[in-house]
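Within every chain, numbering begins at 1; the chains are lettered A, B, ... in the order of the sequence lines, protein sequences first and strands thereafter.
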Amino acid sequence: MKVATYNVNSINSRLPVLLRWLIETTPDVVCLQELKTPQEKFPEQALLDAGYHAIWHGQKSWNGVAILSHHDKPEEVRRGLPGDPDDTHSRYIEAMVNGIHIGCLYLPNGNPAPGPKFDYKLRWLERLTSHAAELLASRTPVVLAGDYNVIPTEQDVYKPERWLDDALFRPETREAFQTLVAQGWTDALRKIYPIETIYTFWDYFRNAYGRNAGLRIDHFLLSPELDRRLVAAGVDRDVRGWQKTSDHAPVWIELSDG
DNA sequence: ATGTCGGACACGGTCCGA
């Protein structure tokens, strides 16, 4: 079973690229972020025509998350992260697909830091950590996939010294992510590629993709039940070189049958 | 500080967020 995550940076602007990638790589489950579309303008029919059922949580202009399934329709478990009823951002949706609990997340960027946006990011990470603990306690197979907007270590950024004050790399951010992982999650890409340079995002600015000036910020965290089933992982980095593409590349993992 | 996208508002160009 292949599970992918892809920050599309507007699903309607990205539809030709998304459909081409789906048809070429046929993932079983896909987590999407940054839909940038209101609920009613999600391209449900185009995805159905390509063979994918979807659930999604849209929002005008910003954010937005979706889960696609090549087989049965995802069975929605929750939308929105618990812990703050005043949080209006569409950044979390969770479903059961093929007996696996899938959490699809778009963590706040948090820049500029320090400031209220950075505070929101750290609060959101705390809420995610609380919810993740409950998911682990459920002892079910869980994937938490998405754009974390976290550069976990110096290994995950082309020039660490330039990112020290950035919300994606500040010590508070890295420590919060480490606290989450230390609950018992597996960083799937890093497990498969322990020493390699792996990037999932290249800025639109300054020919970042051409210079391979990238970041690793899209992650899969696996519960112990799924850690045992992890057989492969990768980044479809060539998609980042296509015309009219996102600034993120799709990332995927392959899981063996239960 | 810079650079480049995408969306909103509203139809040309500027602003915001990333």
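For the P atom pair drawn from B/dA10 and B/dC5, the interatomic distance equals 26 Å after rounding to whole Å. The separation of B/dG12 from B/dG7, taken at their C1' atoms, amounts to 16 Å, rounded to a whole angstrom. When the P atom is used for both B/dG13 and B/dA1, the distance is 27 Å, rounded to whole Å.
For A/D87 and A/R123, the salt-bridge test fails: no basic side-chain N is under 4.0 Å from an acidic carboxylate O.
Distance A/D166 CG to B/dG17 P: 16 Å, rounded to the nearest Å. Between the CG atom of A/D203 and the C1' atom of B/dC5 there is a distance of 9 Å, given to the nearest Å. If you measure from atom CZ of A/R162 to atom P of B/dT2, you get 15 Å, rounded to the nearest angstrom. Atom-to-atom, CG of A/N7 to C1' of B/dC5 comes out at 12 Å; the value is rounded to the nearest Å. Rounded to a whole Å, the CG atom of A/L15 is 12 Å from the P atom of B/dG7. Atom pair A/N9:CG and B/dC16:C1' shows a separation of 14 Å (rounding to whole Å applied). Remark: C1' of B/dA8 and CD of A/Q59 are 14 Å apart, rounded to the nearest angstrom. Spacing between atom OH of A/Y204 and atom P of B/dG7 amounts to 10 Å, rounded to whole angstrom units.
For the residue pair A/K36 and A/N9, a side-chain donor N or O sits within less than 3.5 Å of a side-chain acceptor on the partner. Under the 3.5 Å distance criterion, with hydrogens and angles disregarded, a donor-acceptor pair is assigned to the side chains of A/H71 and A/D28. For A/Q33 and A/T5, the side-chain atoms include at least one donor-acceptor pair closer than 3.5 Å. Checking A/Y6 against A/D236 by side-chain atom types alone, no donor-acceptor pair falls below 3.5 Å.
Comparing atom distances between the A/K244 side chain and each of B/dG3, B/dG6, B/dC9 picks out B/dG6 as nearest. Checked against B/dG6, B/dC9, B/dA18, the side chain of A/R91 finds its nearest nucleotide in B/dA18. Of the candidates B/dT4, B/dG7, B/dA18, the closest approach to any side-chain atom of A/N109 belongs to B/dA18. Out of B/dA8, B/dT4, B/dG6, the shortest distance to the side chain of A/F205 is found at B/dT4. The A/W62 side chain lies nearest to B/dC16 when the options are B/dT4, B/dC16, B/dT2. Proximity note for A/E34 (side chain, C-beta onward) versus B/dC5, B/dA18, B/dG7: the nearest is B/dA18.
Helical stems in DNA chain B, defined as runs of 3 or more consecutive Watson-Crick or G-U wobble pairs with donor-acceptor distances under 3.5 Å: B:4-9 with B:13-18.
Between A/R14 and B/dC5, a side-chain N or O to OP1/OP2 separation shorter than 4.0 Å is absent. Between A/K60 and B/dC9, a side-chain N or O to OP1/OP2 separation shorter than 4.0 Å is present. In this model, the phosphate group of B/dG7 is approached by a side-chain N or O of A/S13 to a distance below 4.0 Å at OP1 or OP2.
Counting non-hydrogen atoms under 4.0 angstrom, A/K117 reaches the backbone sugars and phosphates but no base.
DNA chain B is contacted by both A/N63 and A/P38; A/P38 maps to the nucleotide lying nearer its 5′ end (nearest heavy atom per residue). Mapping A/S61 and A/P108 onto DNA chain B by nearest heavy atom places A/S61 closer to the 5' end of the strand.
You'll find the side chain of A/L189 stays beyond 4.5 Å of the side chain of A/H219, heavy atoms only.
With a 6.0 Å radius and a threshold of 12 heavy atoms from other residues, nucleotides or ligands, A/D72 has its CG atom at or below the threshold.
Evaluation of atom-type donor-acceptor distances gives no pair under 3.5 Å for the side chain of A/R206 against the base of B/dT4.
Just one residue in the list A/L68, A/T25, A/I102 forms a side chain to side chain contact (heavy atoms under 4.5 Å, CB included) with A/V30, and that residue is A/L68.
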